[in-house]
Each structure stands twice: as structure tokens, then as C-alpha cells.
Amino acid sequence: MSDTVVTRFAPSPTGFLHIGGARTALFNWLYARRHGGKMLLRIEDTDRERSTEAAIKAILDGLSWLGLTWDGDVVYQYARAARHREVAEQLLRAGKAYYCYASQQELEEMREQARREGRPMRYDGRWRDRDPSEAPAGVKPVIRLKAPTDGETVIEDEVQGRVTWQNKDLDDLVLLRSDGTPTYMLAVVVDDHDMAVTHVIRGDDHLTNAARQKQIYDALGWDVPRFAHIPLIHGPDGAKLSKRHGALGVDAYRSMGYIPAALRNYLVRLGWSHGDQEIFSTEEMIAAFDLASVGRSPARFDFAKLENLNGHYMRLADDEDLIRAIEAILPELGPSRGLGTTFDPSLRRKLLAAMPGLKERAKTLVELLDSASYLYARRPLALDEKAKGLLGDDGRGRLAIVLPRLEAIADWSAETTEAAVRGVAEETGLKLGQLAQPLRAALTGRATSPGLFDVMAVLGRDESLSRLRDQLA
RNA sequence: GCGCCCAUCGUCUAGCGGUCUAGGACGUCGCCCUUUCACGGCGAAAACAGGGGUUCGAGUCCCCUUGGGCGCGCCA
């Protein structure tokens, strides 16, 4: 076995790439990067009924958006069915597996009886040592593994530690279905072996599977990869993640205006820690990531923390990059906001100019776009309730005082407008806020916005003055 | 039901027998900064699930209880 670390992410394409899957992929990716190895991608599409082309695309797109690149070609498990069958037959010839002719009904009865007797539900091995000549006519058999009946199966898990099962609690699992297709259990073992996977990093829900897979490895005489079963992500209520909270596809997070750097940082800290460090650049997380520091208890998904991180990374982001990120989701966001699916050049320029003030205040790209509404709102502006409150008689009166001074400015800029408004404040004895708030309301239709003078500068002289006059008309 | 896993502030977590009157972050609440909102700064409230052991000493080790989770398919 080679020294090079090979990890793999192996989703089944029966739905979108959900947040737990994304984190599993991230951990695999980080571990491979950390050790100068490779992360392979395998699509587990042996369930022909439920696997879809759309799901495959969603997974690939999701990984790409998150910046999690895989090495080599994508492996499609279904395409390897012949190899899986070959291994099952190899096991059969070696006496490590056998044909089982038990019917669905027999299996059901076994389960029922086990339940009644309070025993673990397991196949009783009735065909284990029976001669195939006793096979009922017309029944297509499955191939089962002849698993050890006593002793124990032990997994040395990189995060869970040593986990032990009594072999008597594990039954003879099906390797090959009666239609000749491999089961997940067989396919995973064969593929991981053939792909030279050294580290299997996956969700905790597979821990029990690891025991059964270990038995297959042993029967085959193959080296067992290192296992690392990471705790699952739960919803805010501690129960299973449902669509209501976090069990959305990563595309949904994209649509909600989260950016990849934030999601990566949020995800890496779910179940993994590195002292007190909270913020990790991609390079930092690669350098610091290790399996030993992965916790064993499940984590709850917390939107508030994700938002905080998203705000952090947005403030750090390049202005032009943020615009591009918004443009990428504009087809979804634009229409309902009276915008098209792309920005017209003039609005794009304004957005770029206002970006420093905008990104400081938003937690998501959606919030950012909404807070920029004053840039694309049409005159006369619709005022929200608070803005209306600011433009009562007093407010309008102050507006009337300031307006002529602003009209007198020829070289319109943040500096000149600020000087003018401050001048009025000094002369009248009014506080700056008493003048600024009515101006803000008239210019943006809201009580909050980026810095007032930046707003006026980006809007320009004509538009600014027109909006002020609209409110005095 | 059986098997396996887990258990520190509301949440993510630090803690790997004494340095813990338990640290950080998000969130919450104050104060400061301030043209608003944010950002930033300062500060506060907030946790070792319960019970037994082991030990000179336990958040840290063991057992039990309780509470959660995952698994128990010819699904993956």
C-alpha cells in the first residue's frame, strides 16, 4: 500500500448536496490537501431507481461552488458493477460466501420473530451451510457473506477510537442481489480498494457499516483503510436536520447570499477545532486540519453564526468580486426587486462605488442588494414608515433649509456636501443628526443607509437634488 | 426492542488529573465611538446532565442512571 493519502467523497445522487455532505467533502478535501494527497470523487449510483442526472449535477456544482476540487475523473459506481460481481463470485469460490434462497417473506418472518423475542434482527443463516442442490426451483438467489459467527469485529476509528462489535450480533449480509447487482456494502469495499483509498472519512451514520465492511475486507484478505467517522450535523432543535432548518442543498445557501469562504469556515468549525481559533483562511485550515481534533458529539446547525462569518468574509472581500457574486444569483433575486437578471452598466458602476459602505453593513449578499435599493429605486421614492416619520413637518422644514445650500454646490462630492450640511448645522445650532436623518430619508427612503455623504456622492448631484425636491413638493 | 456512539454557557467549542474561582467565538444585554445602521472597542449575564466510585486531588479516569443520536433492507 502506498504512503500517499487518498481520500474520497462518495455521495449517492439521490438529492442535492446537503450541508452534512458538504462538510464531509470539506474534511476529505482538507485531509488530502494537508497530507499532499488526493481526494477522489465517486458517485454511488447503484440505486438506479433513485439516482438522477440532476442530482449528479447538483453535487458537482455544489462542490465546485464551494471550491472543493477533486482529483482525477469522477468514478461512477454503477459502471463498475461487473467488477463487483466478479469479487462476489471470487468470494463464493473461496467458500467465503454462499447462495441464499430465502424469500422476502421468510426474511420478514425472521425479523418479526426476532422483534418478538427481543433479539437483534438478523438473518439466521439458514442457507449458510446448505447445499445449493436443495435450492427451490425458480428462485434466483442472492450471494451472502459467510461472516464469522463468534469473536468480535473491531474498528480503530480515527475519531471514534476503538469500536467493537460482537460477531454474533452481525448477520450474513447480502453482497450480490438476486438480479446480479452489487449491494452498497460490497461496492464500497471493492471501489475503495480498487481506488487505493487510504482514508475513509464519512458521516457517523456509517459507523455500523464499517464493521460489516471490515468483515468483507477480511474475507477478501485486503488491507483495511483508516476510518474516520465524523459526527452528524443536527438541526437547531437537536433533532435530525430537516428542510425547515439546515438540510438544504448548498445551492440554497448560495441563493440566500452566503459566500463560499464563509460556509467553508463555518463548516470546518462544526465538529473540528484548533484551540481558540475561529477564523481560518483556506490555507490556514489546510495547515491546521487533523482528524484527532475532530469531536465525537454531533453539532447543531446555527444560522446566526454562519451569518456572522458571512458578514466577516463579505467585509474582507474584494468589491468587484462581491458584485460578481451577486450577479451570479441575480437571475433569482433580480425580478422580484424590479431588477432584471443582469445589472445595467450604470447601476453596476453605482453599486461598485457604493460597495465599501454597503458591504460593511450586510450579512448576506441578499441583504446587501436590498440595502442598495436606493441606488435602483425610482423617483419619487416610496418611503418606509421610519422614513416617513423623519419627514414630518420638522424634518421637511430642515430639508428646506439645507436644500439651497446643496443646490449651490458646483463640484458635488462627499466632501463638499458634508461641508455644506455641517455649515448649516453650525449656523442654525442644529445637531448634525437632525439634518442628516431627514436627508437620509428623502434620499434613500429609509432611516438607515451607508454614510449620508457617500450616498449623495454616488447618487450624483442631479438625482440627489431631485429626490430632495420630491419631498418638498 | 437489540447494537453502537455521544453528553462543558442558548449555540459552536477549549479543556487531554492539580495551572479551572472553567477560556474563546456566535447570539443576548449594557456602555463607548457615531449623521442612521453597521463595523470597531470595553463590559455583563450564561455551562462541567444526575448519582456512585478510583485518587491526596476529577470537567478531565471507571460504573450506573437519564437524555440525545445513528444503525438494524436484495437503500445508499
Side-chain angles (χ1 to χ4, degrees), chain A residues 10-14 44-47 49-51 77 100 102 104 107 111 114-123 140-144 155 157 160-161 163-166 169-171 173-179 181-185 187-188 203-212 229 231-232 234 236 238-240 266 269-279 293 295-309 311-312 315 357-363 371 386 390 418 421-422 425 431-437 439-441 444 446-453:
Chain A
S12 57
T14 54
E44 312 221 312
D45 56 351
T46 54
D47 185 341
E49 296 293 301
R50 300 195 298 152
S51 298
Q77 193 160 59
C100 168
Q104 291 293 347
L107 261 17
R111 271 191 281 273
R115 182 191 294 275
R116 273 197 308 274
E117 296 173 9
R119 288 188 292 105
M121 290 171 232
R122 52 189 293 271
Y123 169 71
K140 303 207 73 170
V142 299
I143 293 178
R144 284 184 187 270
I155 298 294
D157 195 275
Q160 303 291 340
V163 187
T164 306
W165 288 264
Q166 297 305 312
D169 294 333
L170 271 12
D171 62 3
L173 65 276
V174 174
L175 297 170
L176 208 67
R177 300 185 189 109
S178 51
D179 65 359
T181 61
T183 59
Y184 162 79
M185 228 46 97
V188 166
D204 210 2
D205 49 340
H206 286 285
L207 185 58
T208 318
N209 292 336
R212 330 206 66 184
H229 289 91
L232 302 175
H234 291 164
K240 193 171 179 170
Y266 177 69
R269 283 287 291 100
L270 230 43
W272 176 79
S273 61
H274 187 64
D276 282 340
Q277 190 172 349
E278 297 285 347
I279 302 294
S293 299
R296 278 122 291 168
S297 54
R300 300 184 188 201
F301 193 87
D302 181 16
F303 270 106
K305 191 148 187 174
L306 208 211
E307 275 203 350
N308 172 273
L309 249 10
H312 172 87
R315 289 193 291 277
L358 254 18
K359 70 182 181 186
E360 185 83 15
R361 293 166 170 78
K363 300 233 181 285
S371 71
K386 285 180 181 166
L390 289 169
E418 176 162 6
V421 176
R422 283 191 187 277
K431 300 184 79 168
L432 190 53
Q434 292 178 293
L435 294 171
Q437 283 303 82
L439 281 168
R440 186 187 314 281
T444 69
R446 300 184 176 187
T448 66
S449 79
L452 184 62
F453 307 110

For A:Ser293 against A:Ser273, the heavy-atom pair lying closest together: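 That closest heavy-atom pairing would be CB-O, 3.4 Å.
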For the student: nearest non-hydrogen atoms of A:Arg212 and A:Met185, plus distance: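 Heavy-atom minimum between the residues: CD-CE, 4.1 Å.
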Taking only side-chain nitrogens and oxygens of [X], does any of them come within less than 4.0 Å of OP1 or OP2 of [N]?
X        : N     : answer
A:Asn308 : B:G27 : yes
A:Arg422 : B:U35 : yes
A:Thr46  : B:A76 : yes

Whole-Å [atom1] distance, [N] and [M]:
N     : M     : atom1 : answer
B:A76 : B:G18 : P     : 49 Å
B:U55 : B:G27 : C1'   : 40 Å
B:G1  : B:C48 : C1'   : 33 Å
B:A7  : B:C64 : C1'   : 15 Å
B:G23 : B:G50 : C1'   : 25 Å
B:G15 : B:G53 : C1'   : 23 Å
B:C26 : B:G68 : C1'   : 23 Å
B:G71 : B:C12 : C1'   : 26 Å

How long is the line joining [atom1] of [X] and [atom2] of [N], in whole Å?
X        : N     : atom1 : atom2 : answer
A:Leu435 : B:U35 : CG    : P     : 12 Å
A:Phe301 : B:G10 : CZ    : P     : 21 Å
A:Arg212 : B:C74 : CZ    : C1'   : 13 Å
A:Tyr184 : B:G71 : OH    : P     : 11 Å
A:Leu270 : B:U11 : CG    : P     : 13 Å
A:Phe303 : B:A25 : CZ    : P     : 24 Å
A:Ile155 : B:G71 : CD1   : P     : 17 Å
A:Ile279 : B:C26 : CD1   : C1'   : 10 Å

Checking contacts here: which listed nucleotide ([options]) is nearest the side-chain heavy atoms of [X]?
X        : options             : answer
A:Asp204 : B:C6, B:C5, B:U11   : B:C5
A:Asp276 : B:C70, B:G23, B:U11 : B:G23
A:Gln437 : B:U35, B:A76, B:G3  : B:U35
A:Pro298 : B:U35, B:C6, B:C5   : B:C6
A:Arg361 : B:G24, B:C37, B:C5  : B:C37
A:Asp302 : B:G10, B:C6, B:G3   : B:G10
A:Glu278 : B:C70, B:G24, B:U11 : B:G24
A:Asp205 : B:C70, B:U35, B:C5  : B:C70
A:Arg300 : B:G3, B:C26, B:U11  : B:U11
A:Leu452 : B:A76, B:U35, B:G69 : B:U35

Please work out if [X] contacts a base, only the sugar-phosphate, or nothing of the nucleic acid, heavy-atom cut-off 4.0 Å.
X        : value
A:Glu360 : base
A:Leu173 : nothing
A:Val174 : sugar-phosphate
A:Asn209 : base
A:Ala210 : nothing
A:Arg440 : base
A:Ser273 : sugar-phosphate
A:Lys363 : sugar-phosphate
A:Gln160 : sugar-phosphate
A:Tyr266 : nothing
A:Arg296 : sugar-phosphate
A:Ser371 : nothing
A:Pro11  : nothing
A:Thr164 : sugar-phosphate

Could you go through the salt bridge (Lys or Arg N to Asp or Glu O under 4.0 Å) check for A:Lys305 and A:Asp302 one step at a time? CA-CA 6 Å; A:Lys305 191 148 187 174; A:Asp302 181 16; over 6 Å; no
Going by purine N1 to pyrimidine N3 plus the second Watson-Crick contact, or the G-U wobble pair, all under 3.5 Å, which nucleotide sits opposite [N]?
N     : result
B:U21 : none
B:A7  : B:U66
B:C42 : B:G30
B:U60 : none
B:C2  : B:G71

Closest nucleotide of RNA chain B for A:Thr181 versus for A:Leu232: which of these residues is on the 5' side?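 Closer to the 5' end of RNA chain B: A:Leu232.
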Residue mapping more 5' on RNA chain B - nearest nucleotide basis, A:Ser297 or A:Met185: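 Looking at the nearest nucleotide for each, A:Ser297 comes out on the 5' side.
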To the nearest 0.5 Å, what is the distance between [atom1] ([X]) and [atom2] ([Y])?
X        : Y        : atom1 : atom2 : result
A:Leu435 : A:Arg440 : CG    : CZ    : 12.0 Å
A:Gln437 : A:Leu432 : CD    : CG    : 9.5 Å
A:Glu44  : A:Ser51  : CD    : OG    : 9.5 Å
A:Asp205 : A:His229 : CG    : NE2   : 8.0 Å
A:Gln160 : A:Arg296 : CD    : CZ    : 8.0 Å

Determine whether any donor atom in the side chain of A:Ser178 lies under 3.5 Å from an acceptor atom in the base of B:C74, or the reverse, and answer yes or no.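 Counting by modelled atom types and ignoring angles, a donor-acceptor contact under 3.5 Å is found here.
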Can you label the angle between the A:Phe303 ring and the A:Phe301 ring as parallel, tilted or perpendicular, going by 30° and 60°?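 If you compare the ring of A:Phe303 with that of A:Phe301, the planes turn out perpendicular.
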